[in-house]
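What follows is a single structure, written as structure tokens, with notes after it.
Chain naming here is simple, since letters A, B, ... match the order of the sequence lines and numbering starts at 1 in each.
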Protein chains: 2
Amino acid sequence: MTKPRSRRGGGRPTIADVARKAGVGAITVSRALREPGRVSEDLRRQIQAAVDELGYVPDPNARALASARAEVFGVLVPSLTNNVFAEVVRGIYDSLSDSPFRIQIGNTHYSGLEEERLLQVFGSQRPAALIVAGIDQTPSARRLLENAGCPVVQVMETGPDPVDMMVGFSHLDGGRTAAEHLLQAGYRKIGFIGARMDPRSQRRLAGYRAAMDAAGLFDARLVTTTPVPSSVTLGRELFREALAKMPTLDGVFCNNDDIALGVLFECHRASIDVPKQIGIVGFNDLDMMQVSFPSITSVRTHRYEIGTRAVAMALSAIAGNRPEQRIVDLGFELMRRESTGR
Amino acid sequence: MTKPRSRRGGGRPTIADVARKAGVGAITVSRALREPGRVSEDLRRQIQAAVDELGYVPDPNARALASARAEVFGVLVPSLTNNVFAEVVRGIYDSLSDSPFRIQIGNTHYSGLEEERLLQVFGSQRPAALIVAGIDQTPSARRLLENAGCPVVQVMETGPDPVDMMVGFSHLDGGRTAAEHLLQAGYRKIGFIGARMDPRSQRRLAGYRAAMDAAGLFDARLVTTTPVPSSVTLGRELFREALAKMPTLDGVFCNNDDIALGVLFECHRASIDVPKQIGIVGFNDLDMMQVSFPSITSVRTHRYEIGTRAVAMALSAIAGNRPEQRIVDLGFELMRRESTGR
DNA sequence: GCCTGAGATGGTAGCGCTACCATTTGCATG
DNA sequence: CATGCAAATGGTAGCGCTACCATCTCAGGC
């Protein structure tokens, strides 16, 4: 009566059950599972047999409580449906699928406040690592990251002042490269069309502007943006708006590929010849860019690799290795296609 | 010396610190946080003040261990990048953002084995609820779901035999509706083009076949499928393959919208008139379908609502209410557009 | 004034695991 | 042959929280 056998636990086998069955101490079971090298092969086999027979699965909550460290990667992204972040997340998942680490994703909805709240929630679990999109955290979010007590990787962008580590590329350079390409292809009245306009889009715009300024061709009326979330439909609308403002437009650099596709469709509909009358450049290089008719020039970004690389860096830091590079620039690649082949 | 103050904890305030500061028992703090109604307003205020001052955040791991229940929703989807599942997941996130529940997503990669493994991992945490995509679990996965000891919602599809609850629609009816629409529009040599061909795609194919059989127009050479993951590029390739097999093809029902878009692009490229020479129907009705030129007829599915509804049902079950309906069919809607307007 | 019961609060005893510190053993060293 | 040391194993004491079961207070009924 003194031992009301598993009062709350629901009857699942515990480490003590395994230990009893294997005839060893509970600690040894724990060790056999976590650091097999430190347990003799004999016992290891015995313990494995007991684990298999009982169907024992360690309780991650108890483990986290006892070791003051959860085997969880916290991942913060601004959107779940944006293909760009989905690819990063996929890279993270694939890199972690054989590890004991679980993943917890937070959706910040592009909001600094929401990011702070999620960081608070994530932090309370003492995660093994944090991966966050972007480099423009609020001061308070930044403090939370600094005090998280675990490796932190900022992804998607590079910048001068990492919290801990960074993997990404320069959106400013990407934007400039896109605009310079249009310039070189002979376009002159080159517009910028952008939706959502998060900090990364802002920097692409800045890159576009730098190229246009250098060519002495910048005009504020060339820029058409909106904070509204991006979509193909919106691309079409923004393009019509841009054309209305500036009918002599002969090229557009789009914030992203959805917008670019919307522009292309509107050109079809309005019988505007691409690339003769209008040149189009997208950003990210989604699969469809190479198949569309005409195919669309785009700045290819390495989203999946950003995810895998971020995990590799975090894992290495968890293992106690200081990274050779704290800032990893994965770059981008301009994919020249029919849409700018004047 | 007997009490080495927070040896492992990392110095974060605990419930005991809050209790001390507020001059109450630890239990009362716990209650004030979880069931405010059961604590007098006076104490509640005092406790809140102590919580704020100390910056106390409850440890979810300790909570889960003590209560044998983690405030976690486990979500299992076959793909993270497929927009369809991303939308479902977004619905889940949005519905849960103001709740104490965290979300843990597992990516099964369309693999039953992987699904079993993840169910094992998720189950070990004693989640508050499980949401899984599809109804074709392996027997072993099904057993894990039945013994999970929490509400389970199968999403995306409806079927006769839920583990617990279901939210979705009939893919068979969706496929049949699409094919019947093409038939009614006057197309005769209607092909089916499908990538990935997961169980849901199989059922759409079955629906297509039922309609074609009923019209006496089915021919095995009309069907072109591949297990390869879907993409716009692949849509183009499969369409060329289909045309090569059956040059007199005058319509296609595509497995999904990416494939449909690939078909459309190839038609542009090969100067095949849509809808005159070829009618196209997609599935899911992504945003771009209504903007493309010509716009593409598609079967609209309510993905976001599937997510929100699944959460609502799970939450209600957690609260102890038996659901009125265990199986919720959210249906679909055929969006007639230019691509079938012969 | 006593009893009853509901509401508010607290103490104790774990939840299942691991950090920390023994203890034991075997074997090379002097 | 004592000594030292590493490798293997185990015991104890929590980790921070909540379930369970008191205890206490106070209103209302007799």
Side-chain angles (χ1 to χ4, degrees), chain A residues 1-20 22-47 51 54 56-71 100 123-126 149, chain B residues 1-20 22-47 51 54 56-71 100 123-126 149:
Chain A
M1 295 300 107
T2 41
K3 219 188 192 175
R5 209 184 188 310
S6 232
R7 195 159 34 121
R8 315 184 211 163
R12 291 195 338 200
T14 73
I15 204 168
D17 298 326
V18 176
R20 206 171 308 123
V24 299
I27 291 328
T28 308
V29 175
S30 173
R31 264 198 291 260
L33 263 27
R34 288 176 304 134
E35 319 167 79
R38 294 193 41 196
V39 174
S40 70
E41 192 167 335
D42 253 27
L43 282 195
R44 230 185 304 157
R45 246 199 305 275
Q46 247 167 278
I47 289 169
V51 165
L54 293 172
Y56 169 74
V57 184
D59 181 330
N61 297 121
R63 191 171 259 190
L65 181 58
S67 64
R69 196 43 79 203
E71 291 185 313
S124 69
Q125 297 178 75
R126 305 161 201 259
Chain B
M1 298 298 106
T2 41
K3 218 189 191 176
R5 209 184 187 311
S6 231
R7 199 160 31 122
R8 315 184 211 163
R12 289 195 338 198
T14 72
I15 205 168
D17 297 326
V18 176
R20 207 171 309 123
V24 299
I27 284 329
T28 308
V29 174
S30 174
R31 265 199 290 259
L33 264 27
R34 290 177 303 133
E35 318 168 80
R38 292 192 43 196
V39 174
S40 70
E41 192 169 334
D42 252 26
L43 283 195
R44 229 185 304 157
R45 246 201 304 274
Q46 246 167 280
I47 290 169
V51 165
L54 293 171
Y56 168 74
V57 184
D59 182 330
N61 297 120
R63 193 171 259 189
L65 181 58
S67 65
R69 195 41 81 203
E71 291 185 312
S124 70
Q125 297 179 74
R126 306 160 200 258

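Per the geometry, CG belonging to A:Leu54 stands 15 Å off C1' belonging to C:dG16, to the nearest Å. Distance CG (B:Asp59) to C1' (C:dT18): 15 Å, rounded to an integer number of Å. A:Leu65 has its CG atom 14 Å from the P atom of D:dG14, to the nearest Å. Protein atom CZ of B:Arg44 is 15 Å distant from nucleotide atom P of C:dG7, rounded to whole Å. The CD1 atom of A:Ile27 sits 8 Å away from the C1' atom of C:dC17 (whole-angstrom rounding). A:Leu33 places its CG atom 9 Å from the P atom of C:dC17, with the value rounded to the nearest Å. The CZ-P distance, from A:Arg63 to D:dG16, rounds to 19 Å in whole Å.
Nearer to the 5' terminus of DNA chain C, by closest-nucleotide assignment, is the contact made by B:Arg38 (compared with the other of A:Pro60 and B:Arg38).
B:Arg34 comes within contact range of the sugar-phosphate backbone alone, with a heavy-atom separation under 4.0 Å but no base atom that close.
The side-chain heavy atoms of A:Arg20 and A:Asp17, taken from C-beta on, include a pair separated by under 4.5 Å. Within the 4.5 Å cutoff, the side chain of B:Val57 has no heavy atoms near those of the B:Arg12 side chain.
Between the side chain of A:Arg12 and the base of C:dG16, no donor-acceptor pair of N or O atoms lies under 3.5 Å.
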